[in-house]
Amino acid sequence: MTVPRAAEILSSAKRGVALTGAGVSAESGIPTFRGEGGLWTQYDPVKVASIDSFLADPQSYWQVSRERGRVALAARPNAGHVALAELEAVGRIVAVVTQNTDGLHQDSGSKRVIELHGSGRKVECLDCGRIEPRSEVQARLDVEMPPRCPNCGGSVLKPTVVLFGEPMPAAAVQEAFELARSADVILVVGSSLVVYPAAEIPLVALRAGARMIVVNAEPTPFDRWAEVVIHGRSGEVLPEIARLTSE
Ligand code: NAD
Ligand code: ZN
């Protein structure tokens, strides 16, 4: 009876906040980093996703990124993303704070989306700062690897995502923690909750008195503090919760 219980908790929420991780996009065909079938069973994260290795060898980074970009740009929101947009539309959550960089929350209609790890939909020049859509850069990767800035002519381009060793976007982090401090319900979806400071957001919300719901395929270190824990697929569980919540 955990789904009705989660819906009951959300029905009374006035300042609910969702925190999402890679799991919410798994059913859209984007591999997670951790967990079964996760990308990190294939790659060493520090080698492919740190700023130091990017700067030392952008070609290797882009070889992995090229394939992931192809998948992510073609991905469509799944029923889990849509359910979160519905929960916002009926006022049960006020925002989605996400660790994802795929832009699928925005595509599904979520209005207030805080991207803690940046966006994979854009690419920036590390020299002149020019921003280009990822889709345009993706289209020329067949002839240019690694891609270079068409504006200043030489510097290598980097997706506007936060790599290991890079600071997180300060404004997004501040907004996320403010939301957590004022949340009455925190709904955690598809996150292994081992990446800090993102994993700190539920802790801040709990300390401020929020009730916690966890929807994740596998157990998380935070399950013990949740009022409701649902181990399942977010694309199946969230629509059920949203349906019962808006009734
Ligand atoms: P993670 O990969 O560490 O963990 C994902 C969690 O989701 C796992 O615990 C897994 O059990 C669970 N999961 C898998 N499929 C699920 C499903 N269908 N429904 C519910 N849960 C499911 O993800 P993370 O904690 O977000 O941290 C990894 C970091 O990697 C993120 O910070 C993000 O920046 C980046 N990342 C982003 C994307 C994306 O944009 N879609 C994808 C992979 C990684
Ligand atoms: Zn440039």
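Quick note: residue numbers are just sequence positions, from 1. The analysis underlying the following values was restricted to heavy atoms, covering all of them including side chains, and did not include hydrogens, waters or symmetry mates.
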Chemist: Determine whether the side chains of His81 and Ser234 contain a donor N or O and an acceptor N or O closer than 3.5 Å.
Modeler: no

Chemist: Rounded to the nearest 0.5 Å, how far does CD1 of Ile241 lie from CG of Leu187?
Modeler: 6.5 Å

Chemist: What about Val214 and Val24, same hydrophobic cluster or not, with Ile/Leu/Val/Met/Phe/Trp/Tyr joined at side-chain heavy-atom distances under 4.5 Å?
Modeler: no

Chemist: Please give me the minimum heavy-atom distance between Ala13 and Val185, naming the atom from each residue.
Modeler: CB-CG2, 3.6 Å

Chemist: Could Glu166 and Lys158 be called an ion pair, given the rule that one side-chain N must be under 4.0 Å from one carboxylate O?
Modeler: yes

Chemist: Just wondering, do Pro31 and Arg68 contact through their side chains at under 4.5 Å, heavy atoms?
Modeler: yes

Chemist: Assess the side chains of His105 and Thr20: does a donor N or O sit below 3.5 Å from an acceptor N or O?
Modeler: yes

Chemist: I'd like to know if Arg112 and Glu175 make a salt bridge, using a cut-off of under 4.0 Å between side-chain N and carboxylate O.
Modeler: yes

Chemist: State, yes or no, whether a side-chain contact exists between Leu87 and Thr245 at a heavy-atom distance under 4.5 Å.
Modeler: yes

Chemist: Taking a hydrophobic cluster as the set of Ile, Leu, Val, Met, Phe, Trp and Tyr residues connected by side-chain heavy atoms closer than 4.5 Å, whether directly or through intermediates, do Met145 and Val156 fall within one such cluster?
Modeler: yes

Chemist: Is there a side-chain contact between Ile201 and Phe177, using heavy atoms and a 4.5 Å cut-off?
Modeler: yes

Chemist: Side-chain donor-acceptor pair under 3.5 Å between Ser50 and Ser53, yes or no?
Modeler: yes

Chemist: Going only through I, L, V, M, F, W and Y residues with side-chain contacts under 4.5 Å, is there a path from Leu84 to Ile230?
Modeler: yes

Chemist: Would Lys122 and Arg134 count as a side-chain contact (heavy atoms from CB on, under 4.5 Å) if you check the C-alpha gap in whole Å, the side-chain angles of each, and the deciding distance to 0.1 Å?
Modeler: CA-CA 5 Å; Lys122 288 174 281 168; Arg134 170 67 189 246; 5.8 Å; no

Chemist: So how far is it from Ser119 OG to Asn100 CG, rounded to the nearest 0.5 Å?
Modeler: 11.0 Å

Chemist: Do the side chains of Arg5 and Glu227 get close enough for a salt bridge, i.e. N-O under 4.0 angstrom?
Modeler: yes

Chemist: With heavy-atom distances below 4.5 Å as the criterion, would you say the side chains of Val94 and Val17 are in contact?
Modeler: yes

Chemist: Hey, mind stepping through Ile93 and Leu10 against side-chain contact (heavy atoms from CB on, under 4.5 Å) and telling me if it holds?
Modeler: CA-CA 8 Å; Ile93 61 172; Leu10 274 165; 4.2 Å; yes

Chemist: Which of these, Asp102, Asn78, Asp107, sits in a side-chain hydrogen bond (donor to acceptor under 3.5 Å, both in side chains) with Ser28?
Modeler: Asn78

Chemist: Go through it in stages, so that I can follow the logic: the residues are Arg148 and Cys125, the test is side-chain contact (heavy atoms from CB on, under 4.5 Å), and I'd like the CA-CA distance, side-chain angles, deciding distance and then a yes or no.
Modeler: CA-CA 8 Å; Arg148 294 193 177 272; Cys125 170; over 6 Å; no

Chemist: Compare every heavy atom of Val162 with every heavy atom of Gly118, then report the nearest pair and how far apart it is.
Modeler: N-CG2, 4.1 Å

Chemist: Side-chain contact, heavy-atom cut-off 4.5 Å: Val137 with Trp62?
Modeler: yes

Chemist: Applying the 4.5 Å side-chain criterion to the ILVMFWY set and letting contacts propagate, would Val161 and Tyr196 be lumped into a single cluster?
Modeler: no

Chemist: Applying the 4.5 Å side-chain criterion to the ILVMFWY set and letting contacts propagate, would Leu203 and Ile114 be lumped into a single cluster?
Modeler: yes

Chemist: Do you know which two heavy atoms are closest between Pro4 and Leu244, and how far apart they sit?
Modeler: CA-CD1, 3.9 Å

Chemist: Closest heavy-atom contact between Pro150 and Arg130?
Modeler: CG-NH1, 3.5 Å

Chemist: Looking at Arg140 and Glu132, is any side-chain nitrogen of the basic one under 4.0 Å from a carboxylate oxygen of the acidic one?
Modeler: yes

Chemist: Decide side chain to side chain donor-acceptor pair (under 3.5 Å) for His117 and Thr98; before the verdict, give the C-alpha distance in whole Å, the side-chain angles of both, and the deciding distance to 0.1 Å.
Modeler: CA-CA 8 Å; His117 295 165; Thr98 188; over 6 Å; no

Chemist: To the nearest 0.5 angstrom, please state how far the CZ atom of Arg15 sits from the OG atom of Ser182.
Modeler: 4.0 Å

Chemist: Is there a donor-acceptor pair closer than 3.5 Å between any side-chain N or O of Asp184 and the backbone N or O of Ala210?
Modeler: no

Chemist: Taking the side chain as every heavy atom from C-beta outward, state whether Asn216 and Leu193 have any atom pair closer than 4.5 Å.
Modeler: no

Chemist: When you check the gap from the basic side-chain N to the acidic O, do Glu27 and Arg233 get nearer than 4.0 Å?
Modeler: yes

Chemist: Hey, could you give me the CG/CG distance between Leu126 and Leu55, rounded to the nearest 0.5 Å?
Modeler: 6.5 Å

Chemist: Is the closest side-chain donor-acceptor distance between Gln174 and Glu178 under 3.5 Å?
Modeler: yes

Chemist: Is the shortest heavy-atom distance from the side chain of Pro159 to the side chain of Ser65 under 4.5 Å?
Modeler: yes

Chemist: Could you give the distance from CG (Leu116) to OG1 (Thr101), rounded to the nearest 0.5 Å?
Modeler: 11.5 Å

Chemist: Between Glu240 and Arg243, which heavy-atom pair has the shortest distance, and what is it?
Modeler: OE1-NH2, 3.2 Å

Chemist: Between atom CZ of Arg92 and atom CD of Glu86, what is the distance when rounded to the nearest 0.5 Å?
Modeler: 13.5 Å

Chemist: Is there a side-chain contact between Pro133 and Arg121 (heavy atoms, below 4.5 Å)?
Modeler: no

Chemist: Test side-chain contact (heavy atoms from CB on, under 4.5 Å) on Val228 and Ile9; report intermediate values, then the result.
Modeler: CA-CA 9 Å; Val228 177; Ile9 292 170; 3.7 Å; yes

Chemist: State, to 0.1 Å, how close Val97 and Ala176 come at their nearest heavy-atom pair, and which atoms those are.
Modeler: CG1-CB, 3.8 Å

